[in-house]
Trainee: 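The structure follows.
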There are 2 protein chains.
Amino acid sequence: MRGYRQKLKKNGFKLTPGREAIIAFFSGKNHYATPETVWKEVRKSLPRLGLPTVYRNLEQMRKINILTQVDGAENRFYFGLCRAKNPGEHHHHISCQKCRRVSEVENCYLQSLTKEIKEKTGFQITGHKLQLTGVCKDCR
Amino acid sequence: MRGYRQKLKKNGFKLTPGREAIIAFFSGKNHYATPETVWKEVRKSLPRLGLPTVYRNLEQMRKINILTQVDGAENRFYFGLCRAKNPGEHHHHISCQKCRRVSEVENCYLQSLTKEIKEKTGFQITGHKLQLTGVCKDCR
DNA sequence: AATCTAAATAGAAACCATTTCTATTTGTAA
DNA sequence: TTACAAATAGAAATGGTTTCTATTTAGATT
Ligand SMILES: [Mn+2]
Ligand SMILES: [Mn+2]
Ligand SMILES: [Zn+2]
Ligand SMILES: [Zn+2]
């Protein structure tokens, strides 16, 4: 919790009640949630917090790698706390299709494939996005 | 071109002018396009074709693996012709960030990682979506 | 060729997650 | 305490996508 405060300050963001409440919300559970879900929950303690503010804060905290964003079903965003050892480093996430739990996949196994794909397709690979779906330990 | 007609009929779809025009649009170029782009182009020969019809047709043809769909930037859909040897088989696509050219990546290199990821995260992997970005031969 | 019917369509409207706007408030450094 | 840029609330707009319904059409049957 303290770590997030430092990270916000270091990046020039103020410590607003909204930001603190959003982080507190995610700290309680290691699951993804939509902006609206976050809003409805956080509003219980901050009734005047607006949904646009939640969107703004989620995006800002994603930019500084406090949160991670997943493009979920139906073209909606999901956010979750990034718990990687080094959140700024390239890595992936896997989410449970039953309970939305998130886990870090800190090794990226794809970099080694760059050469092979280049030979086959002629493309110089500049990036990739990997969306892993599964069932977590507790849901089996 | 003839192949697509067979595929449509086999799946119980009628051969409408709209569907033929959409396939003709994609056959001319091997690039992704948004529904709106498809619509604006196809409308030149079929002025009465509606945008909802384009959406419907794109989705139907994606379901029977004539087209492939990519979740592009800004939460928009992109569609392109699938040119895999066996379009129904699991595979990926890479798209050029400059010209939107699509290439098939028919080998999926990720299946072998299932075991390793399971050991590290406890997740049983049930699926994945890989979005590869690069620069194609012609754009370099 | 005429008839039939489920599939497909056009056009308008609705949907709804997300973004923008502006006047007001607030965190924080001095 | 004061000053001010950052942040906010609330309302409105945005825009890609979907839904709705009356009408048309592709293709099978005669
Ligand atoms: Mn992470
Ligand atoms: Mn394909
Ligand atoms: Zn789970
Ligand atoms: Zn290119």
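Naming convention: chains lettered A, B, ... in sequence-line order (proteins, then strands); numbering from 1 in each chain. For clarity, every value in this text was computed on a predicted model and none was experimentally measured.
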Trainee: Could you state the CZ-P distance from Phe13(B) to dT9(C), rounded to the nearest angstrom?
Mentor: 10 Å
Trainee: Whole Å only: how far is the CD atom of Gln69(A) from the P atom of dA17(C)?
Mentor: 15 Å
Trainee: Please state whether the phosphate of dT8(D), meaning OP1 or OP2, lies under 4.0 angstrom from any side-chain nitrogen or oxygen of Arg48(A).
Mentor: no
Trainee: Taking the cut-offs as 6.0 angstrom to the six-membered ring centre and 45 degrees off its axis, would you call Lys29(A) and Phe26(A) a cation-pi pair?
Mentor: no
Trainee: So do the side chains of Phe77(B) and Thr34(B) get within less than 4.5 Å of each other, counting heavy atoms only?
Mentor: no
Trainee: Specify the separation, in whole Å, of atom OH of Tyr78(A) and atom C1' of dA17(C).
Mentor: 12 Å
Trainee: Does a side-chain N or O from Thr16(B) land closer than 4.0 Å to OP1 or OP2 of dT9(C), or not?
Mentor: yes
Trainee: Under 4.0 Å between any heavy atoms, over every strand shown, what does Pro47(B) touch: base, sugar-phosphate, or nothing? Just pick one.
Mentor: nothing
Trainee: Take the protein atom CZ of Phe77(A) and the nucleotide atom P of dT19(C), then report the distance between them rounded to whole Å.
Mentor: 6 Å
Trainee: Heavy atoms, side chains only, cut-off 4.5 Å: are Cys99(B) and Cys136(B) in contact?
Mentor: yes
Trainee: Could you tell me how far apart Met61(A) (CE) and dA7(D) (P) are, to the nearest whole angstrom?
Mentor: 12 Å
Trainee: Does Pro52(A) or Leu49(B) map to a spot on DNA chain C nearer the 5' end, using the closest nucleotide for each?
Mentor: Leu49(B)
Trainee: For dA8(C), does either OP1 or OP2 sit under 4.0 Å from a side-chain N or O belonging to Thr53(B)?
Mentor: no
Trainee: Any idea how His128(A) and His92(A) line up, ring-wise: parallel (<30°), tilted (30 to 60°), or perpendicular (>60°)?
Mentor: tilted
Trainee: Could you tell me how far apart Lys14(B) (NZ) and dC4(C) (P) are, to the nearest whole angstrom?
Mentor: 16 Å
Trainee: Leu51(B) has an atom CG; how far is it from atom P of dG15(D), in whole Å?
Mentor: 15 Å
Trainee: Could you state the atom-to-atom distance from CZ of Arg56(B) to P of dT17(D) in whole Å?
Mentor: 15 Å
Trainee: Measuring only between side-chain heavy atoms, which start at C-beta, is Leu58(B) closer than 4.5 Å to Pro35(B)?
Mentor: yes
Trainee: Looking at dT18(D), I'd like to know if its phosphate oxygens (OP1 or OP2) sit under 4.0 Å from a side-chain N or O belonging to Tyr55(B).
Mentor: no
